[in-house]
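All values below come from the heavy atoms of this structure, side chains included, with hydrogens, waters and symmetry mates left out.
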Amino acid sequence: MSWTPPLLPPVNCPRCVYLAGRENDAIARGDTEAARKFDGIASIHRAETGCPERAA
């Protein structure tokens with residue numbers, strides 16, 4: 001049985017891109033509470049999946 005390196009998550013994970021877009025929309029509207037909510041959801045997603053720090 002040979003060792004294989006773990007697969008890295010995609011650089012532009014669709015979930016990360018979606019959450020970043022929603023966060024940017026909230027910032028554009030001036031809704032800081034919603035922006036913080038989407039940033040928090042994205043942080044949890046990145047912690048659970050190992051996605052890169054921010055969506056590109």
Side-chain angles (χ1 to χ4, degrees):
M1 184 173 185
S2 64
W3 179 83
T4 56
L7 295 176
L8 296 174
V11 173
N12 286 323
C13 163
R15 181 83 174 146
C16 288
V17 171
Y18 170 77
L19 291 169
R22 295 296 303 257
E23 181 183 356
N24 290 340
D25 290 344
I27 291 169
R29 290 192 315 266
D31 189 349
T32 56
E33 185 177 335
R36 274 187 256 127
K37 179 182 89 168
F38 287 113
D39 183 51
I41 294 169
S43 295
I44 293 167
H45 168 73
R46 289 189 304 269
E48 290 176 345
T49 62
C51 281
E53 192 57 32
R54 301 292 292 174

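Here the shortest heavy-atom pairing between C13 and H45 reads SG-NE2, 3.4 Å. The minimum heavy-atom distance between A35 and A26, with the atom names listed, is N-CB, 3.6 Å.
F38 shares a hydrophobic cluster with Y18, L19, I41; the chain of contacts runs through ILVMFWY side chains whose heavy atoms sit under 4.5 Å apart.
Remark: side-chain polar atoms of N24 are paired, donor with acceptor, to backbone N or O of A20 under 3.5 angstrom.
With sequence neighbours left out, D31 forms a salt bridge (Lys or Arg N to Asp or Glu O under 4.0 Å) with R29.
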